[in-house]
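Residue numbers begin at 1 in each chain, while the letters A, B, ... track the order of the sequences. All figures in this text were calculated on a predicted structure; none of them were measured in a lab.
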Amino acid sequence: MALKIFNTLANEKEPFTPLVPGKVRMYVCGVTVYDSAHIGHARSFFTFDVIYRYLKFAGFEVDYVRNFTDVDDKIIKKANDEGVSCDAVTSRYIEEFAQDGASLGWLPPASEPRATAHMAEIIAIIEKLEAKGLAYQVDGDMYYAVSGFADYGKLSRKKIDELEAGARVEVDQRKRSPLDFALWKASKPGEPTWESPWGPGRPGWHIECSAMSTKYLGQPFDIHGGGRDLIFPHHENEIAQSEGAYGQPLARYWIHAGFLNINQEKMSKSLGNFFTIRDILSEFDAVALRHFFLASHYRNPLDFSKDGLDEASRAADRIFDTIERLAKAVKTPAPPDAGLLDSFRQEMDDDFNSPRALALIFDEVRGLNKLLDEKKAKGFEARYGALRAMCDALGLLQEGYLERKKQRWLKKGILTESAIGALIGQRNQARQAKNWPEADRIRDELNRQGVAIEDTPEGTIWKVR
RNA sequence: GGCGGCGUACCCAAGUGGUUAAGGGAGAGGUCUGCAAAACCUCGAUGCAGCGGUUCGAAUCCGCUCGCCGCCUCCA
């Protein structure tokens with residue numbers, strides 16, 4: 001079975017074939033860098049991280065581009081509020097986003113272009129649109145004339161007249177149509193400004209993505225992604241701009257990630273119901289968060305809760321406990337079991353069905369634990385290899401997961417590692433003396449602190465619960 | 001007002017016409033263990049919001065009803 005992707009443009013799953021065999025060009029809309037990213041953003045970028053990883057796993061060479069929007073009203077407002085430059089704001093949050101991404105285990109895209117570094121390309125597209133009669137000037141502003149683009153609405157399946165009828169926003173009377181959107185905004189005092197044929201100003205929101213995607217990936221390219229909320233108007237407008245300017249499709253497959261909700265409501269800055277990535281990482285491991293996201297399909301809405309993360313955490317522990325057992329038991333690694341990898345592909349090829357892929361992983365976890373229990377320590381090297389490969393393709397295989405969990409606990413300063421070792425020693429002395437009450441007392445005490453004791457054939461070990 | 005989505009066990013969540021409705025978490029019983037823990041085994045929806053319909057056959061298609069959400073405005 002070949003890879004199928006749900007294409008927003010077609011509103012159904014379609015077989016995926018890249019334009020150039022074996023190579024995938026993917027553009028994902030990044031963040032506007034005016035504030036810390038929250039886990040709603042994280043869900044979307046996790047989704048594309050998994051898609052990126054899986055495409056590579058499936059043998060494609062992937063050129064992955066994800067931009068930063070670093071010129072925007074909100075950035076200007078933030079800079080004014082703080083009395084600093086826009087540059088100071090954007091570089092702060094670009095840096096922070098990079099750190100968050102690294103902590104979360106996202107593979108870095110091949111390019112992470114910034115809007116402000118692409119003014120020449122932006123201006124060139126607007127000029128092209130103007131030459132084609134798709135853009136018009138009002139005072140120092142340039143607008144896109146939606147009426148000139150017959151396909152307008154094809155991505156979001158909206159009709160122009162319905163959009164106009166339903167407009168709930170105050171309409172700028174200078175625009176020919178309420179749907180026309182800004183390509184270039186004349187600068188006001190105190191705003192970042194670039195020279196242009198229409199006077200000093202700055203680009204509108206959508207045009208940067210048209211300019212950068214085409215520059216880095218050409219046109220058409222294979223996959224364009226982002227959160228659901230970008231379908232309209234952002235991606236619709238990108239299509240109008242890029243296809244209007246170049247007369248060919250912008251992207252062939254449009255992928256949109258579902259929202260992260262809290263209590264059934266979309267997590268968003270404006271509702272104030274968000275947790276930043278940093279908030280969550282101070283309490284949970286990145287792998288737990290990744291498992292939480294992988295356990296539901298990327299297009300469905302997902303309700304966030306800390307209870308849910310706790311569950312995900314326990315599930316991740318289960319996988320890593322098993323991997324650790326296997327790592328000790330397997331003396332000579334073998335190539336991954338081909339049949340298992342095939343099954344994995346079958347699940348992931350169906351529009352990146354990570355919940356089913358996880359189910360497969362857990363089936364293997366159970367099966368392999370059973371073999372380990374039965375001491376049939378033979379013939380499972382290939383299955384172990386496949387388990388690792390599958391986890392890796394989902395980004396779950398983060399080395400040192402269990403160790404990190406230990407370190408996080410030790411940081412709380414309740415007990416040191418050597419103190420725990422000493423208590424375990426005392427307990428084992430008591431056990432040898434068959435002083436069970438004392439042995440159990442020590443174990444219970446450790447347990448209360450969050451340390452679980454396990455007596456294995458290889459000796460006593462401890463884990464963080 | 002327009003357009004779209006969702007409602008599956010105690011919780012999370014796959015499955016969108018056809019053998020026994022994945023998987024995880026929690027729970028119960030069991031094996032192992034000094035006792036535990038972990039692991040493994042077994043048990044958990046004769047039913048998929050409700051009601052009607054189409055079909056040899058529906059969680060899956062159609063209609064209506066109820067509940068929730070999203071987009072139409074900046075938004076991952």
Side-chain angles (χ1 to χ4, degrees), chain A residues 11 28-32 34 37-48 66 69 72-74 153 156-159 161-170 178-179 205 225-234 236 256-261 263-271 291-292 294-297 299-303 305 307-319 321-322 325 347 350 353-363 365-374 431 434-437 439-440 443-444 447 452-457 460-463 465:
Chain A
N11 204 29
V28 172
C29 288
V31 284
T32 301
Y34 73 103
H38 59 64
I39 50 172
H41 300 120
R43 184 192 187 190
S44 184
F45 299 122
F46 261 116
T47 296
F48 292 102
R66 187 183 61 207
T69 298
D72 163 88
D73 290 347
K74 287 190 285 253
S156 52
R157 264 165 292 283
K158 293 181 186 303
K159 296 187 174 66
D161 46 344
E162 283 171 358
L163 280 168
E164 290 185 6
R168 303 185 321 210
V169 197
E170 283 179 56
L179 296 175
W205 173 35
R228 283 202 78 77
D229 43 4
L230 296 184
I231 295 173
F232 191 91
H234 184 54
E236 197 70 69
H256 292 99
F259 293 137
L260 185 65
N261 295 154
N263 298 325
Q264 325 273 35
E265 273 187 323
K266 179 182 170 187
M267 179 181 292
S268 72
K269 284 272 160 60
S270 47
L271 289 171
H291 184 283
F292 178 72
L294 288 169
S296 70
H297 188 88
R299 280 192 286 116
N300 290 350
L302 172 61
D303 213 58
S305 70
D307 284 350
L309 265 189
D310 278 328
E311 278 188 18
S313 223
R314 283 190 285 270
D317 287 356
R318 188 163 146 77
I319 295 173
D321 281 340
T322 303
R325 287 183 79 186
E347 306 297 10
D350 184 13
N353 196 328
S354 59
R356 290 205 77 97
L358 272 184
L360 189 67
I361 284 172
F362 280 105
D363 284 342
V365 162
R366 193 182 329 104
L368 287 165
N369 271 324
K370 193 171 181 176
L371 287 184
L372 287 165
D373 279 358
E374 292 166 357
R431 288 174 71 211
K434 297 201 189 297
N435 184 354
W436 309 126
D440 292 349
R443 185 175 62 202
D444 291 347
N447 216 279
I453 293 298
E454 294 181 17
D455 298 319
T456 75
T460 302
I461 60 169
W462 67 277
K463 290 177 178 170
R465 261 192 294 124

Counting Watson-Crick and G-U wobble pairs only, both distances under 3.5 Å, name the nucleotide matched with B:G63, or none.
B:C51
Base of B:G70 and ring of A:F259 stacked, centres under 5.5 Å, planes under 30°:
no
Identify whether any heavy atom of A:R43 sits under 4.0 Å from a base atom; if not, whether one sits that close to sugar-phosphate; answer base, sugar-phosphate or nothing.
nothing
Identified pairing partner of B:G4, criterion: Watson-Crick or G-U wobble below 3.5 Å:
B:C69
Could you check A:D440 against A:A452 and say which one's nearest nucleotide on RNA chain B is further toward the 5' end?
A:D440
Please examine the side chains of A:R43 and A:S296, heavy atoms only from C-beta on, and report whether any two atoms are closer than 4.5 Å.
yes
Give a yes/no answer on whether the side chain of A:K266 brings an N or O atom under 4.0 Å of OP1 or OP2 in B:C71.
yes
Among the nucleotides B:C71, B:C74, B:C41, whichever has the atom closest to the side chain of A:K370 is B:C41
Given side chains that start at C-beta, do those of A:R356 and A:D350 come closer than 4.5 Å, heavy atoms only?
no
Taking any heavy-atom pair under 4.0 Å as a contact, classify A:D455: base, sugar-phosphate, or nothing.
base
Table of protein N/O atoms under 3.5 Å from nucleotides 5-13 of chain B N/O atoms:
| residue | atom | partner | partner atom | Å |
| --- | --- | --- | --- | --- |
| B:A13 | O2' | A:A295 | O | 3.3 |

Minimum-distance nucleotide (side-chain atoms of A:R356 versus B:A14, B:A37, B:A76)
B:A14
Contact class for A:G30 (heavy atom, under 4.0 Å): base, sugar-phosphate, or nothing?
sugar-phosphate
Side chain of A:F232, heavy atoms from C-beta onward: which of B:C72, B:G15, B:A76 has the nearest atom to it?
B:C72
Determine which nucleotide pairs with B:U31, using a 3.5 Å limit on both distances of a Watson-Crick or G-U wobble pair.
B:A39
Would you mind classifying the nucleic acid contact of A:N353 as base, sugar-phosphate or nothing, using non-hydrogen atoms under 4.0 angstrom?
sugar-phosphate
Please classify the nucleic acid contact of A:K74 as base, sugar-phosphate, or nothing, using heavy-atom distances under 4.0 Å.
base
Identified pairing partner of B:G57, criterion: Watson-Crick or G-U wobble below 3.5 Å:
none
Which atom of A:G226 lies closest to which atom of A:S44, heavy atoms considered
C-OG, 3.9 Å
Within the 4.0 Å heavy-atom criterion, would you say A:A257 contacts the bases, only the backbone, or no part of the nucleic acid?
nothing
Would you say A:R157 reaches B:G4's phosphate, i.e. side-chain N/O to OP1/OP2 under 4.0 Å?
no
A:I39 CD1 to A:L302 CG distance, which is reported to the nearest 0.5 Å
9.0 Å
Identify which nucleotide among B:C74, B:A76, B:A37 has an atom closest to any side-chain atom of A:F45, counting heavy atoms from C-beta outward.
B:A76
Side-chain contact test, heavy atoms from C-beta onward, threshold under 4.5 Å: evaluate it for A:R443 versus A:R431 and give yes or no.
no
Between B:A76, B:G34, B:G24, which one does the side chain of A:A315 approach most closely?
B:G24
Using a cut-off of 6.0 Å, state whether more than 12 heavy atoms not belonging to A:N11 lie near its atom CG.
yes
Please classify the nucleic acid contact of A:I453 as base, sugar-phosphate, or nothing, using heavy-atom distances under 4.0 Å.
base
Indicate, with a heavy-atom threshold strictly under 4.0 Å, whether A:K269 touches base, sugar-phosphate, or nothing.
nothing
Strand partner of B:G17, provided both Watson-Crick or wobble distances fall under 3.5 Å
none
Can you tell if the side chain of A:R318 reaches within under 4.5 Å of the side chain of A:R366, non-hydrogen atoms only?
yes
Under 4.0 Å, counting only non-hydrogen atoms across every strand here, what does A:E454 touch: a base, just sugar-phosphate, or nothing?
base
Which is true for A:N369 with a 4.0 Å heavy-atom rule: it touches a base, it touches only sugar-phosphate, or it touches nothing?
sugar-phosphate
Pairing partner of B:C10, by Watson-Crick or G-U wobble and under 3.5 Å for both distances, is B:G25
At less than 4.0 Å, is any side-chain N or O atom of A:R325 found next to OP1 or OP2 of B:A38? Yes or no.
no
Go nucleotide by nucleotide along RNA chain B from the 5' end; which of A:G258 and A:R443 gets its closest nucleotide reached first?
A:R443
Aromatic A:F48 / basic A:R66 pairing, under 6.0 angstrom, 45° off normal:
no
Of the listed nucleotides (B:C72, B:G34, B:C40), which one gets closest to any side-chain atom of A:R318?
B:C40
Tested for salt bridge (Lys or Arg N to Asp or Glu O under 4.0 Å) against A:E454, the lone hit among A:R325, A:R465, A:K463 is A:K463
Ignoring hydrogens and geometry beyond distance, is the side chain of A:R366 in donor-acceptor contact with the base of B:C40 at under 3.5 Å?
no
Rounded distance in Å between the C1' positions of B:G7 and B:A45:
15 Å
